[in-house]
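Take a look at the structure set out below.
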Amino acid sequence: MSRNQNRSKMDKIVSLAKRRGYIFQSSEIYGGLSSCYDYGPLGVELRKNIKETWWNDIVTSRENVVGMDSSILMHPKVWEASGHVENFTDPLVDCKQCKNRFRLDKGVHKFKCTNCNMKFHIKEGQIGGRKKYRECFDDLTASEPESYVNSTCPRCGKEESIILDKVACPKCGAADLTDPKQFNLMFKTHYGASEDSAHRIYLRPETAQGIFVNFANVSNAARAKLPFGIAQIGKAFRNEVTTRNFIFRSREFEQMELEFFVRPDASEKWHKEWIESRLEWYKKIGINEKNLQLREHGSDELAHYAKACVDVEYKFPFGWAELEGIADRQTYDLQQHIDHSGNKLTYYDQEQEEHIVPAVVESSAGVDRTMLTVLADAYWEDEANDRVVLSLSPQMAPIKAAVFPLVNREKMPEVARDIFEDLKGHLPVEYDDSGSIGRRYRRQDEAGTPFCITVDSQTLEDGTVTIRERDSLEQVRINKEHALQEIRDRIN
RNA sequence: GCGAGUGUAGUUCAAUGGUAGAACCUCAGCUUCCCAAGCUGAUGACGAGGGUUCGAUUCCCUUCACUCGCUCCA
């Protein structure tokens with residue numbers, strides 16, 4: 001497909017999502033808030049179904065995985081231990097000339113002496129400049145740039161005479177830079193009514209740390225034995241530099257994370273198992289496997305704590321993109337919290353008769369990305385029948401069935417309403433008697449409803465109704481008393 | 001964050017320096033015995049804030065949002 005066609009497919013999904021009540025832009029009446037989205041009546045059902053199938057697959061159906069739900073606000077030291085504070089405090093600048101962005105300390109720092117006008121610069125940790133000036137230094141290996149400010153000039157010997165003249169772009173050499181900016185992906189807020197910095201805390205940028213800090217609590221309470229996992233679904237917040245592609249990357253999002261604790265020597269084996277298991281899950285919720293692939297991180301893109309990481313990717317209209325990362329994090333996380341908190345987050349291995357720090361295999365998936373995947377994968381245009389269809393798997397579909405009277409005459413609406421009333425306590429269903437029957441079928445097709453039950457004149461005679469399947473348009477007659485069971489059977 | 005582009009009913013599009021039309025959707029009624037039929041009627045928009053002007057949806061500025069390309073993505 002060409003780019004134009006790809007783009008228009010995303011546009012169509014966005015507009016369908018709004019029209020049918022899946023996804024709205026946040027704060028729309030005030031002009032919208034960038035990258036934040038609200039989920040409407042169908043959206044919230046779809047999200048619930050995604051989360052339920054995940055939870056069922058990861059927690060309920062496994063003996064050795066338990067769930068938890070930690071608070072979004074946590075002690076600030078959690079993020080010092082995890083590395084989230086430290087890794088994102090470097091000031092960054094942009095070169096106005098070549099648009100390069102770099103850490104300020106990576107810029108070319110140009111110094112000069114206010115007394116003798118000696119000049120030198122620091123680039124990539126080396127002192128540079130004219131030969132006659134370089135010779136004034138015993139060693140050309142540079143210290144931190146800040147340490148030269150107000151230092152003694154090595155040429156004329158005058159104290160406190162060196163000043164920082166300018167900082168230039170290491171790429172193009174221009175000294176035309178923006179003011180340094182602090183980039184930290186964590187949202188900051190104040191804890192308590194007082195706004196002094198002592199009470200600064202963060203909205204969690206991932207749910208995983210809530211699991212790690214509860215490692216001892218949960219493993220004791222659950223009497224867990226290795227290998228075992230702790231799972232959590234919850235919101236996380238990141239001040240992303242760029243947000244793009246509808247709900248794909250947003251600043252507020254929901255994660256489904258599993259931290260699976262294993263003996264360190266077994267992490268590789270479990271990493272492989274979870275990769276398979278997670279890929280299967282996406283197929284199970286109805287994603288076309290041709291649109292799924294695994295991608296292993298190269299050593300250059302691995303996070304500092306991870307030994308290996310494999311992404312599950314989906315072929316979106318805008319290209320292949322990451323749905324989930326499955327990482328072998330080794331003992332990094334628990335060890336960091338052991339070091340920072342002083343608590344013994346270890347496991348006593350009965351067989352080896354020793355305390356060990358378990359390694360962890362993490363599966364980190366996004367609810368919102370899964371939702372976009374489900375919608376994009378289900379969307380198609382049935383030109384033969386002139387309709388737009390969301391072929392959601394019955395398990396994912398927000399509305400499982402709709403009930404119609406074929407026409408609004410005789411007793412058909414009453415009979416149809418009775419069937420609807422019987423179903424509605426058990427399944428999400430809709431009743432509709434407006435317009436023509438064809439219009440009502442189309443409406444449900446677009447919303448992704450897999451089944452439509454129609455009451456016609458034969459129903460009044462023998463108590464049977466038609467049940468129509470969304471994708472094939474096939475209809476069969478069943479006894480109206482069996483409608484609930486029939487739909488349940490077809491969902492599973 | 002930088003550069004380019006785009007903002008008119010729910011959606012897709014018109015028109016205009018004198019405050020806006022349509023189609024589809026939605027709603028109500030009639031009709032309709034199985035796939036967006038028909039008839040009648042109704043609701044509904046110039047993203048926001050300034051400026052120029054007698055008058056701005058239209059021109060200018062700012063801002064917000066979206067799209068694309070960079071950049072970023074523990």
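Labels below follow one simple rule: chain letters A, B, ... track the order of the sequence lines, proteins then strands, and each chain is numbered from 1.
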Exercise. According to the Watson-Crick and G-U wobble definitions, with both distances under 3.5 Å, which nucleotide is paired to B:C68?
Worked result: B:G3

For this session: Write down the partner of B:G21 under the Watson-Crick or G-U wobble criteria, each distance required to be under 3.5 Å.
Result: B:C13

Problem set entry | Touch class at under 4.0 angstrom, heavy-atom based, for A:N245 against every strand present | sugar-phosphate

For this session: Could you measure between the two P atoms, the one in B:C2 and the one in B:U63, and give it in whole Å?
Result: 10 Å

For this session: For A:S35, answer base if it contacts any base atom (sugar-phosphate contacts may also be present), sugar-phosphate if it contacts only those atoms, and nothing otherwise; contact means non-hydrogen atoms under 4.0 Å.
Result: sugar-phosphate

Problem set entry | Length of the line joining A:D11:CG and B:U67:P, which is rounded to integer Å | 8 Å

Problem set entry | Centroid-centroid under 6.0 Å between A:Y441 and A:F404 rings | yes

For this session: Remember a base hit wins even if backbone is also touched, and classify A:Q444 as base, sugar-phosphate or nothing at under 4.0 Å, heavy atoms.
Result: nothing

For this session: Ignoring hydrogens and angles, answer whether the base of B:C73 and the side-chain atoms of A:E322 contain a donor-acceptor pair closer than 3.5 Å.
Result: no

For this session: Would you mind classifying the nucleic acid contact of A:N408 as base, sugar-phosphate or nothing, using non-hydrogen atoms under 4.0 angstrom?
Result: base

For this session: Would you indicate what A:L473 reaches in the nucleic acid, counting non-hydrogen atoms under 4.0 angstrom: base, sugar-phosphate, or nothing?
Result: base

For this session: Please evaluate the base of B:C66 for a donor-acceptor partner in the side chain of A:Q25 within a cut-off of under 3.5 Å?
Result: no

Seminar exercise, completed: Mate of B:G55 across any strand shown (Watson-Crick or G-U wobble, both atom pairs under 3.5 Å) is none

For this session: Specify the separation, in whole Å, of atom CG of A:L406 and atom P of B:C34.
Result: 6 Å

For this session: Using the P atom on both, measure B:A22 against B:A15 and round to a whole Å.
Result: 15 Å

Exercise. So does A:Y441 reach the base of B:C34 with its side chain, donor to acceptor, closer than 3.5 Å?
Worked result: yes

Exercise. A:Y39 and A:Y22: aromatic ring centres closer than 6.0 Å?
Worked result: no

Exercise. Which is true for A:R443 with a 4.0 Å heavy-atom rule: it touches a base, it touches only sugar-phosphate, or it touches nothing?
Worked result: sugar-phosphate

Exercise. Can you tell me if A:H297 and A:D311 form a side-chain donor-acceptor pair at under 3.5 Å?
Worked result: yes

Problem set entry | Pair assignment for B:C27, Watson-Crick or G-U wobble, requiring both distances under 3.5 Å | B:G41

For this session: Identify the nucleotide, in any strand shown, that forms a Watson-Crick or G-U wobble pair with B:U63, with both distances under 3.5 Å; if there is none, say none.
Result: B:G47

For this session: Classify the side chain of A:R468 versus the base of B:C35 as yes if they form a donor-acceptor pair under 3.5 Å and no if they do not.
Result: yes

For this session: Indicate whether OP1 or OP2 belonging to B:A36 is found under 4.0 Å from a side-chain N or O atom of A:R439.
Result: no

Exercise. If you pin A:K18 and A:G32 to their nearest nucleotides in RNA chain B, which one's is more 5'?
Worked result: A:K18

Problem set entry | Plane angle bin for A:F318 and A:F248 - parallel if under 30°, tilted between 30 and 60°, otherwise perpendicular | perpendicular

Exercise. In whole angstrom, what separates A:E28's CD from B:G10's P?
Worked result: 8 Å

Exercise. Reckon A:S457 touches a base, only the sugar-phosphate, or nothing at all at heavy-atom distances under 4.0 Å?
Worked result: base

Seminar exercise, completed: Heavy-atom nearest nucleotide on RNA chain B taken for A:D445 and for A:D432; more 5' hit belongs to A:D432

Exercise. Side chain of A:D456, base of B:C33: donor and acceptor closer than 3.5 Å?
Worked result: no

Exercise. Is any side-chain N or O of A:R442 under 3.5 Å from a base N or O of B:C35, one able to act as donor and the other as acceptor?
Worked result: yes

Problem set entry | Side-chain donor-acceptor pair present, A:Q232, A:E257, cut-off under 3.5 Å | no

Exercise. A:F24 near the nucleic acid: base, sugar-phosphate alone, or nothing, with a heavy-atom cut-off under 4.0 Å?
Worked result: nothing

For this session: Determine: side-chain N/O of A:R20 to OP1/OP2 of B:G10, distance under 4.0 Å, yes or no.
Result: no

Problem set entry | Geometric class of the A:F212/A:F261 ring pair [parallel <30°, tilted 30-60°, perpendicular >60°] | perpendicular

Exercise. Which whole-number value in Å describes the distance from A:F246 CZ to B:C68 C1'?
Worked result: 18 Å

